[in-house]
Amino acid sequence: MFVWIGSAIAIVVAAVIGFSQIDGADRTLLIAAAVVYLLGVQLPTVRINIPLNNKIQAIDVEQKDDQELLAARADFEAQWNRWNVFRTVVSITIALSLHVLLLRI
């Protein structure tokens, strides 16, 4: 939890500090990276993946038969995987963008 929340705080702090210290395309890249990270990683995590995690954790596996467990997994897995891949791609893109920015300044 600390790493997840910390990453959002760190990118916001970096954007605020960087806003006053860099300008032009570098500033735009930094602000865009922060916004895309918050909207493309943090928001889907809060709105989609965490609720799905909570839903699957609430299932009492001892009280379900195999068919019910398979149905629960089918309801969960495709959507969770899709959004996890999306968040991963966005995260990698942001990390690469920030590395490019770091090399430029």
- Results of side chain to side chain contact (heavy atoms under 4.5 Å, CB included) for Asn81 - residues two or more places apart only: Glu77
- Query: Excluding sequence neighbours, so at least two apart, what forms side chain to side chain donor-acceptor pair (under 3.5 Å) with Asn53?
  - Reply: Trp80
- Of all heavy-atom pairs between Ala33 and Ile11, which one has the smallest distance, and what is that distance? O-CD1, 3.9 Å
- Task: Please round to the nearest 0.5 Å and tell me the distance separating atom CG of Leu29 and atom CD1 of Ile94.
- Result: 8.5 Å
- Are Val61 and Leu52 linked, directly or through other ILVMFWY residues, by side chains that come within less than 4.5 angstrom of each other? yes
- Query: Among all residues two or more places apart in sequence or in another chain, which pass the salt bridge (charged side-chain N to carboxylate O under 4.0 Å, His left out) test with Asp75?
  - Reply: none
Using atom types as modelled, flag every donor-acceptor pair under 3.5 Å from a side chain in residues 34-43 to any protein atom, sequence neighbours excluded.
| from | atom 1 | to | atom 2 | distance (Å) |
| --- | --- | --- | --- | --- |
| Tyr37 | OH | Ser7 | OG | 2.5 |
| Tyr37 | OH | Gln42 | NE2 | 2.9 |
| Gln42 | OE1 | Trp4 | NE1 | 2.7 |
| Gln42 | NE2 | Ser7 | OG | 3.3 |

- Looking only at non-hydrogen atoms, find the nearest pair between Gln63 and Glu68 and report the distance. O-OE1, 4.2 Å
- Message: Assigning hydrophobic clusters by single linkage (Ile, Leu, Val, Met, Phe, Trp, Tyr; side-chain heavy-atom cutoff under 4.5 Å), is Phe76 placed with Leu69?
- Response: yes
- Message: To the closest 0.5 Å, what do you measure between CG (Asn49) and CZ (Arg82)?
- Response: 10.5 Å
- Query: Atom CG of Leu30 and atom CD of Gln21: how far apart are they, to the nearest 0.5 Å?
  - Reply: 10.5 Å
- Query: Do the side chains of Ile92 and Leu101 join up, straight or via other hydrophobic residues, at under 4.5 Å, putting them in one cluster?
  - Reply: no
- Of the non-hydrogen atoms in Ile59 and Ala72, which two are nearest, and what is the gap between them? CD1-CB, 3.4 Å
- If you group Ile, Leu, Val, Met, Phe, Trp and Tyr by side-chain heavy-atom gaps below 4.5 Å, do Val85 and Ile48 land in one group? no
- Message: Determine whether Leu96 and Val100 satisfy the following criterion, side-chain contact (heavy atoms from CB on, under 4.5 Å), listing intermediate values before the conclusion.
- Response: CA-CA 6 Å; Leu96 291 174; Val100 166; 5.5 Å; no
- Task: Please check if atom CG in Asp65 has more than 12 non-hydrogen atoms from other residues, nucleotides or ligands closer than 6.0 Å.
- Result: yes
- Query: Which atom pair, heavy atoms only, marks the closest approach of Thr88 to Asn84?
  - Reply: OG1-O, 2.8 Å
- Task: Only counting residues at least two apart or in another chain, list the ones meeting ring-ring contact (aromatic ring centres under 6.0 Å, His included) with Phe19.
- Result: none
- Task: Quick one: list whatever passes side chain to side chain donor-acceptor pair (under 3.5 Å) with Arg27, sequence neighbours left out.
- Result: none
